[in-house]
J.: 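Pasting a structure below so you can have a look.
The structure displayed is predicted, hence computed values, not measured ones. For the numbers below, each heavy atom of this structure counts, side chains included, while hydrogens, waters and symmetry mates do not. Along the sequence shown, the residues carry numbers beginning at 1.
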Amino acid sequence: MAKFIFVTGGVVSGLGKGVTAASLARLLKARGYRVTLQKFDPYFNVDTSNLSPYQHGEVYVTEDGGEVDLVVGHYERLLGENLGIKNDVTSGQIYSSVIAKEREGYYNGSTVQVVPHITNEIKERIYSLDTPDSDIIITEIGGTVGDIECHPFLEAIRQFKSEAGKGNVIYIHVTLVPYIEMSGEQKTKPTQHSVKELQNVGIQPDIIVCRSDYPIGVESKRKLALFCNVDTDCIIQNLTTDNIFTIPLELEKDGLARAAIRKLKLEEREPDLKSWLDFCNRYVQVQNSDKKVRIGIVGKYVDLHDAYVSLTESLIHSGIATGAGVEIVWISSEKITPAAANKLASLNGIVIPSGFGERGFEGKVNAARFARNNNIPTLMIGMGAQAGLVEFARSFGMEKANSAEFDRKTPYPVVYSSADAPQFRKGAYISDLKKGSMLNKIYGADSVSERHRHKYEFNAQIIEPLSKHGLVFSAKSRNGDYIDAFELSGHKFYIGVLYHPEFKSRPDSPHPLITEFIGKSIL
């Protein structure tokens, strides 16, 4: 049986439970343990597919087509492993499953209740990750202790300890330790009250991770250990930083992994963090360097940067790989009229990202036209690529070209769906690359697996007329049914892909397409 670590949060939300959990996973993996991560989200949406990016940030897509919380992206990037649908569980999924089972007679006429039926369903989702490939399962409980919707999850993990046995389960509580500027004091009371709330539901934390803007003093650690019934060396500080990549190293320095290993009765091993240290050192060098590249993101949701968190992270990864600090310039696609497109002239490179809905689409078209005409390196993703194809078609003989999603009567549906009710193409698909194409050279391979999330496709009927003007359709789905990418001959870098390369970028293994884009933007 695997060992289980449960991460809860208290005092306020947004303290970084996910990054803490992922950092711990990285530290345990560095010791040779096989680790996986899981997130429980208390909201009743079944998944993130219908959540507004303004409310919840990006929809992250896994290899198996899961539309999951953006924290799974942090998990994958920090852990360096691909996760899946099972790794993100919502209240919506739990309750839907229990109700479906009740309708099928699964419970043999029993009265269906939160305990034991909902809690059993939650535990089943945790046990589903207990495979021969996992030594340790880290499960993060979304929200904060005291939230009404969190209670079934807390009750389920409370029961877990008696089922899995002492030494096989530990609880990590992430809390805020504020500093009062007026009195110059660090306050431990919020953490004490949060732990007491957790104890009220029957959970005694084994480790407390304290988020703070200032180092946790010896006296504060002593007081927290005393009042929260936790060993002093299990009070771990997690200081506020603008460099997320250093968090695993700082948590290692303060002993988080060592405390977890001791509590789980595992063998202590020397961690191999060389590659991560090397990456962090290069990040610092790049940040302090005068070599910078200005990348404009022309998108619909730029008011909330979390809507593009995987994209911005991937640009930073590739910037580090090329030795350049990436400066992100946020540009609302709704404001890019043909006349306003001149504001893009100061950029070294342009990314036109994915999105849904017609609002802001014409702005993406205008941005693509300006970038093409002015030889600015441009990477277009998802709907951004659809906008780029619409723009090219309009400029070369198809004046009223459009996406059939927005104009069903367009005479040139360069973006379309063959189905009356378009279905998502989601998850990893293999694309075959055109020999000699830029994509073929960038990947150094004849085929590639990338993650998709879109309903509308490039129309194969426009291949011949647009190819005459230098557009190369450089990737097709393995079954030959779909066009997955195009590029423009003679342009510095002008590539549109229907898939999402940003989801496969890792800090110490940046995506080759994005790295090539950054490299061309530097020149």
J.: The criterion is side chain to side chain contact (heavy atoms under 4.5 Å, CB included); which residues satisfy it with His151, sequence neighbours excluded?
T.: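 For His151 there are no side chain to side chain contact (heavy atoms under 4.5 Å, CB included) partners, ignoring immediate neighbours.
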J.: Is a side-chain donor-acceptor pair under 3.5 Å present for Glu58 with Ser310?
T.: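 A donor-acceptor contact under 3.5 Å links the two side chains.
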J.: Can you sort out the partners of Glu81 under side chain to side chain contact (heavy atoms under 4.5 Å, CB included), two or more places apart, ordered by chain and number?
T.: Lys29, Leu79
J.: Within 45 degrees of the axis of the six-membered ring of Tyr429 and under 6.0 Å from its centre: does Arg425 put its NZ or CZ there?
T.: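 Cation-pi check for Arg425 and Tyr429: passes.
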J.: Applying salt bridge (charged side-chain N to carboxylate O under 4.0 Å, His left out), name anything that partners Arg506, two or more places apart in sequence or on another chain.
T.: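 Glu76.
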J.: Lys189: which residues meet the side-chain hydrogen bond (donor to acceptor under 3.5 Å, both in side chains) condition with it, sequence neighbours left out?
T.: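 Once residues adjacent in sequence are excluded, Lys189 has no partner under the side-chain hydrogen bond (donor to acceptor under 3.5 Å, both in side chains) criterion.
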J.: I need the single residue from Lys263, Arg262, Arg31 that forms a salt bridge (charged side-chain N to carboxylate O under 4.0 Å, His left out) with Glu268. Which is it?
T.: Arg31
J.: Thr175 and side-chain hydrogen bond (donor to acceptor under 3.5 Å, both in side chains): which single residue from Thr144, Thr191, Thr8 fits?
T.: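 Exactly one candidate clears the test, Thr191.
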J.: Just by distance, with hydrogens left out, do Glu516 and Tyr443 show a side-chain donor and acceptor under 3.5 Å apart?
T.: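 Result is no, nothing qualifies.
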J.: Would you please classify the geometry between the His452 ring and the His454 ring as parallel, tilted or perpendicular, with 30° and 60° separating the classes?
T.: tilted
J.: Which atoms form the tightest heavy-atom contact between Tyr283 and Asp242, and what is the distance?
T.: OH-O, 4.3 Å
J.: Please tabulate, one pair per line, all N/O donor-acceptor pairs under 3.5 Å involving side-chain atoms of residues 94-101, not counting sequence neighbours.
T.:
residue, atom, partner, partner atom, Å
Ser96, OG, Gly92, O, 2.6
Ser97, OG, Glu121, OE2, 2.7
Lys101, NZ, Glu121, OE1, 2.8

J.: Among side-chain atoms of Asn479 and Ser477, is any donor-acceptor pair under 3.5 angstrom?
T.: yes
J.: Does Tyr127 have its ring centroid less than 6.0 Å away from the ring centroid of Phe160?
T.: yes
J.: Report yes or no: is the cationic atom of Arg269 (NZ for Lys, CZ for Arg) under 6.0 Å from the centre of the six-membered ring of Tyr33, at an angle within 45° of the ring normal?
T.: yes
J.: With a 4.0 Å cut-off, would you call Lys123 and Glu163 a salt bridge?
T.: yes
J.: Between Asn87 and Thr62, is any side-chain donor less than 3.5 angstrom from a side-chain acceptor?
T.: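 Result is no, nothing qualifies.
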J.: How far does CD of Gln192 sit from OG1 of Thr188, to the nearest 0.5 angstrom?
T.: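 It comes to 4.0 Å.
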J.: Can you name the side chain to side chain contact (heavy atoms under 4.5 Å, CB included) partners of Pro507, sequence neighbours left out?
T.: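 Partners of Pro507 by the side chain to side chain contact (heavy atoms under 4.5 Å, CB included) criterion, ordered by chain and then number, come out as Arg77, Phe245, Trp276, Phe279, His317.
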J.: Counting only heavy atoms not in Lys86, do more than 12 fall under 6.0 Å of its NZ?
T.: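 Count not over threshold, so no.
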J.: If you count the non-hydrogen atoms of other residues, nucleotides and ligands that lie under 6.0 Å from CZ in Phe424, is the total more than 12?
T.: yes
